[in-house]
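These notes concern the structure reproduced below.
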2 protein chains.
Amino acid sequence: MTDTTDTLTIREMCDAFDVTPRTLRFYEAKELLFPIRLGTRRLFTRADRARLTLILRGKRFGFSLEDIRQLLAMYEPDGSNLTQMQRTFEIARDRLAQMEAQRAELDVAIAELKTQLAEGEKMIAAFRAPAVEQGRP
Amino acid sequence: MTDTTDTLTIREMCDAFDVTPRTLRFYEAKELLFPIRLGTRRLFTRADRARLTLILRGKRFGFSLEDIRQLLAMYEPDGSNLTQMQRTFEIARDRLAQMEAQRAELDVAIAELKTQLAEGEKMIAAFRAPAVEQGRP
DNA sequence: AGCGTGCTTGACGTTAACGTAAATGTAACG
DNA sequence: CGTTACATTTACGTTAACGTCAAGCACGCT
């Protein structure tokens with residue numbers, strides 16, 4: 001039977017999540033992960049895998065590791081602390097607002113850049129055309 | 001008559017563009033600006049103002065200072081070098097592609113985060129409700 | 001001369017999220 | 001027991017775009 005120890009070595013964990021060992025140790029140092037130790041080696045439990053999933057998702061959302069650490073910390077107490085969960089949502093909503101603002105800025109920048117490019121194309125076309133006033137032999 | 005020297009001191013330049021002296025010196029060190037010197041002091045010419053305008057615009061577009069330096073450098077030769085201008089547009093188009101990709105990712109992240117929030121609200125509502133199975137006295 | 005103000009040049013500090021290298025350990029294989 | 005193959009800790013390096021002193025000119029005014 002396949003070794004269903006339910007814990008992964010650092011290498012297995014890295015392969016499973018496509019991160020480097022340095023990253024996992026870093027996350028542990030930052031108190032984002034808490035692998036158990038077998039002697040000196042780390043063993044990542046199911047809980048660690050769940051946390052890492054959340055961490056990577058948080059990163060995609062653009063949260064900083066420190067934000068993520070705080071959010072994860074709030075899920076631990078007992079899972080039913082209303083005010084803490086609401087705080088969690090506050091943070092998430094703030095982040096959402098930031099992201100939407102960022103999107104708005106990005107839209108503006110994209111639009112501007114597009115018009116700049118369009119104007120530029122005209123200039124190039126003008127330069128490339130053998131100068132209207134010269135044609136007509 | 002107002003002193004129409006047409007050159008600005010570093011302070012005037014800072015006030016005009018809302019940047020710090022450090023920033024202007026930094027840009028000069030990075031060869032993005034080339035103020036003339038009156039003794040030891042810097043004097044920013046009209047050309048510097050034009051360049052700074054472009055620099056700040058570039059930053060809004062998300063270009064790095066190094067990108068901007070290269071772009072600015074290409075405008076200098078004589079202003080009619082076709083291949084260099086095309087290179088400029090290449091860079092701009094690449095950046096545009098990056099920005100649109102970023103926007104797409106942001107859209108996904110926003111959508112995800114929104115659903116997470118929505119689900120979370122449900123959970124909170126569930127917790128807040130005095131447990132359905134308990135009612136009905 | 002002395003003072004205040006503004007400008008100058010270094011040069012080190014900052015932040016985030018790891019990368020990278022060095023020295024050491026240890027577990028298993030043959 | 002020696003080698004191979006990972007693991008571990010420690011600690012300095014990296015990148016971008018400035019911030020933040022520190023020490024010292026340079027000018028005009030009094």
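Throughout, a chain's letter reflects where its sequence line sits, starting with A, and its residues are numbered from 1. A quick note: this is a predicted structure, and the numbers were derived from the prediction, not measured.
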Next on the checklist: Can you give me the closest heavy-atom contact between A:Ile36 and A:Thr7, atom names plus distance?
Outcome noted: CD1-CG2, 4.5 Å

Checklist entry - D:dT10 P sits how many Å from A:Glu28 CD, rounded? => result 12 Å

Dump the pairs, protein N or O against N or O of nucleotides 5-8 of chain D, anything under 3.5 Å, distances to one decimal.
{"from": "D:dT8", "atom 1": "OP1", "to": "A:Arg42", "atom 2": "N", "distance (Å)": "2.8"}
{"from": "D:dT8", "atom 1": "OP1", "to": "A:Arg42", "atom 2": "NH1", "distance (Å)": "3.3"}
{"from": "D:dT8", "atom 1": "OP2", "to": "A:Arg25", "atom 2": "NE", "distance (Å)": "3.4"}
{"from": "D:dT8", "atom 1": "OP2", "to": "A:Arg25", "atom 2": "NH2", "distance (Å)": "3.0"}
{"from": "D:dT8", "atom 1": "O5'", "to": "A:Arg42", "atom 2": "NH1", "distance (Å)": "3.4"}

Checklist outcome for this item: All heavy atoms of A:Leu54 vs all of A:Leu72, minimum pair found to be CD1-CD2, 3.8 Å

Checklist entry - Do B:Thr20 and B:Phe26 come close enough that some side-chain heavy atom pair is under 4.5 Å? => result no

Checklist entry - Is there side-chain contact between A:Leu24 and A:Phe44, with heavy atoms separated by less than 4.5 Å? => result yes

Next on the checklist: Whole angstroms only, please: what is the NZ-P distance between A:Lys30 and C:dC18?
Outcome noted: 10 Å

Checklist entry - How far apart are the C-alpha atoms of B:Arg93 and B:Glu100, what are their side-chain angles, what is the distance that settles it, and do they pass the salt bridge (Lys or Arg N to Asp or Glu O under 4.0 Å) test? => result CA-CA 10 Å; B:Arg93 249 189 291 274; B:Glu100 291 185 324; over 6 Å; no

Next on the checklist: Quick check: closest heavy atoms across B:Arg51 and B:Leu32, and the distance to 0.1 Å?
Outcome noted: CD-O, 3.5 Å

Next on the checklist: Angle between the end axes of the helix from C:dA1-D:dT30 to C:dG30-D:dC1, five pairs per end, to the nearest 10 degrees?
Outcome noted: 30°

Checklist entry - So do B:Met13 and B:Arg49 actually touch side chain to side chain, heavy atoms under 4.5 Å? => result yes

Item to check | Stepwise salt bridge (Lys or Arg N to Asp or Glu O under 4.0 Å) check, A:Arg69 with A:Glu66 | outcome: CA-CA 5 Å; A:Arg69 191 191 61 76; A:Glu66 174 55 19; 2.9 Å; yes

Item to check | A:Ile10 and A:Pro21, any side-chain heavy atoms less than 4.5 Å apart | outcome: yes

Would you tabulate the nitrogen or oxygen pairs shorter than 3.5 Å linking the protein to nucleotides 17-20 of chain D?
{"from": "D:dA17", "atom 1": "OP1", "to": "B:Leu65", "atom 2": "N", "distance (Å)": "3.3"}
{"from": "D:dC18", "atom 1": "OP2", "to": "B:Tyr27", "atom 2": "OH", "distance (Å)": "2.7"}
{"from": "D:dC18", "atom 1": "OP2", "to": "B:Lys59", "atom 2": "NZ", "distance (Å)": "2.7"}
{"from": "D:dG19", "atom 1": "OP2", "to": "B:Thr20", "atom 2": "OG1", "distance (Å)": "2.8"}
{"from": "D:dG19", "atom 1": "N7", "to": "B:Arg22", "atom 2": "NE", "distance (Å)": "3.1"}
{"from": "D:dG19", "atom 1": "O6", "to": "B:Arg22", "atom 2": "NH2", "distance (Å)": "3.1"}
{"from": "D:dT20", "atom 1": "O4", "to": "B:Arg22", "atom 2": "NE", "distance (Å)": "3.1"}

Next on the checklist: Does any part of the side chain of B:Leu33, heavy atoms only, come nearer than 4.5 Å to the side chain of B:Arg42, both counted from C-beta?
Outcome noted: no

